[in-house]
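What follows is a set of notes on a single structure, which appears directly below.
Heavy atoms only: backbone and side chains are in, while hydrogens, waters and symmetry mates are out. Just so it is clear: chains get the letters A, B, ... in the order the sequence lines come, proteins before strands, and each one is counted from 1.
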Amino acid sequence: MTKNISAKSVVVIDFETTGLSPKLGDRVIEVGAVIIENNVIKNRFESLINPGFKISQFIQGFTGITNIMLKTAPNKERVMKDFSKFLKNNNIVAHNASFDKRFLDAEFKKLGLSYTGEFACTMLAARRLYPFSINHKLETILDYLKIKKTKQFHRALADAEMAARLWIHMIKDVEKKHNYREISFHLMQKLCKINKRETHNFLRKHFECCND
DNA sequence: TGCCAGGCCCTCTTTAGGGCCTT
């Protein structure tokens with residue numbers, strides 16, 4: 001069965017959570033996502049989620065999301081169902097995608113939801129393309145590339161939007177540097193998976209030889 | 001009892017260890 005995945009649109013997602021591990025009981029408390037079509041941000045999705053318990057002072061301070069805000073937030077069933085519709089069958093991008101994938105898989109599994117898109121990671125791609133940045137945190141790499149930042153950090157939609165700007169910047173950068181007409185999602189995905197030693201040859205051979 | 005993520009990457013590696021990145 002062929003997947004009906006758009007080659008030109010991706011969804012960039014970001015979760016704010018109660019901690020680092022769904023296996024240790026951590027939960028998503030905010031979902032943010034944007035759809036990129038033809039390198040332009042089109043639609044946005046944003047919602048808080050009531051996790052059903054009080055979150056720590058650390059997370060309240062880190063995200064600015066408070067227990068008062070979450071008290072009246074919708075439950076995960078409603079939000080994740082809507083989010084599933086927003087994802088459709090698009091491929092998915094996130095900064096340090098393994099983190100967001102872990103939470104998406106955990107939340108969807110509990111609710112019997114699924115997605116068909118594949119993941120790519122802005123952090124791994126940025127490590128390959130910009131090895132001289134002092135680190136590859138989202139904020140740092142945006143500064144390094146002089147990409148305009150949103151006013152907030154550590155809020156889901158703001159972070160998703162900035163990761164989307166980074167994704168678009170990287171695609172345009174590769175297209176420009178390598179005289180490439182249209183970088184596909186899967187080529188960017190491959191870039192995320194190669195190791196440091198292979199990067200030079202990958203960019204030189206694979207990108208340029210696939211330009212038609 | 002005490003501790004507790006996990007996937008990826010790099011190198012003083014591969015029979016391992018530690019840093020990065022996400023909340």
Please pick, from [options], the nucleotide with the shortest atom-to-atom distance to any side-chain atom of [X].
X: S21(A); options: dA5(B), dT22(B), dC8(B); result: dA5(B)
X: R128(A); options: dC10(B), dG7(B), dT23(B); result: dC10(B)
X: H95(A); options: dC21(B), dT23(B), dA5(B); result: dC21(B)
X: L124(A); options: dT22(B), dC21(B), dC8(B); result: dC8(B)
X: L24(A); options: dC4(B), dT22(B), dT23(B); result: dC4(B)

Would you mind reading off the distance between [X] atom [atom1] and [N] atom [atom2], rounded to a whole angstrom?
X: M123(A); N: dG19(B); atom1: CE; atom2: C1'; value: 11 Å
X: H136(A); N: dC20(B); atom1: NE2; atom2: P; value: 12 Å
X: K101(A); N: dT23(B); atom1: NZ; atom2: C1'; value: 18 Å
X: D105(A); N: dG6(B); atom1: CG; atom2: P; value: 13 Å
X: F153(A); N: dC21(B); atom1: CZ; atom2: C1'; value: 14 Å
X: I59(A); N: dA5(B); atom1: CD1; atom2: C1'; value: 13 Å
X: L166(A); N: dC21(B); atom1: CG; atom2: C1'; value: 14 Å
X: Q189(A); N: dC8(B); atom1: CD; atom2: P; value: 12 Å

So what does [X] hit on the nucleic acid, given a heavy-atom distance under 4.0 Å: a base, only sugar-phosphate, or nothing?
X: F15(A); result: sugar-phosphate
X: L138(A); result: sugar-phosphate
X: D26(A); result: nothing
X: N135(A); result: sugar-phosphate
X: I65(A); result: nothing

Report yes or no: does [X] contribute a side-chain atom to a donor-acceptor pair with the main-chain N or O of [Y] at less than 3.5 Å?
X: H154(A); Y: F62(A); result: no
X: H136(A); Y: Y130(A); result: yes
X: N67(A); Y: I55(A); result: yes

>> Please compare R102(A) and H154(A) by the position of their nearest nucleotide in DNA chain B and report the one closer to 5'.
In response: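 On the 5' side of the pair lies R102(A).
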> If you find the nucleotide of DNA chain B closest to T18(A) and the one closest to R127(A), which residue's nucleotide is nearer the 5' end?
Replying inline: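 The 5'-side residue here is R127(A).
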> So, is K23(A) near the phosphate of dG6(B), with a side-chain N or O under 4.0 Å from OP1 or OP2?
Replying inline: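 Answer is yes, contact under 4.0 Å.
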>> Walk me through whether I171(A) and E175(A) qualify under side chain to side chain contact (heavy atoms under 4.5 Å, CB included).
In response: CA-CA 6 Å; I171(A) 286 175; E175(A) 287 174 348; 3.4 Å; yes
> Pick from V31(A), V34(A), L87(A): which one makes a side chain to side chain contact (heavy atoms under 4.5 Å, CB included) with I13(A)?
Replying inline: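 One option only clears the test, and that one is L87(A).
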Would you measure the distance from the [atom1] atom in [N] across to the matching atom in [M] and give it in whole Å?
N: dG7(B); M: dT1(B); atom1: P; result: 29 Å
N: dC9(B); M: dT14(B); atom1: C1'; result: 14 Å
N: dG18(B); M: dC12(B); atom1: P; result: 15 Å
N: dG2(B); M: dG6(B); atom1: P; result: 22 Å
N: dG19(B); M: dT13(B); atom1: C1'; result: 15 Å
N: dA5(B); M: dT23(B); atom1: C1'; result: 11 Å
N: dC8(B); M: dC4(B); atom1: P; result: 22 Å

> Got V28(A) and M80(A) here, is their nearest side-chain heavy-atom distance under 4.5 Å?
Replying inline: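 With C-beta onward as the side chain, the pair touches.
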> Using 30° and 60° as the class limits, which term best fits the ring planes of F15(A) and F83(A): parallel, tilted or perpendicular?
Replying inline: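 F15(A) and F83(A): perpendicular rings.
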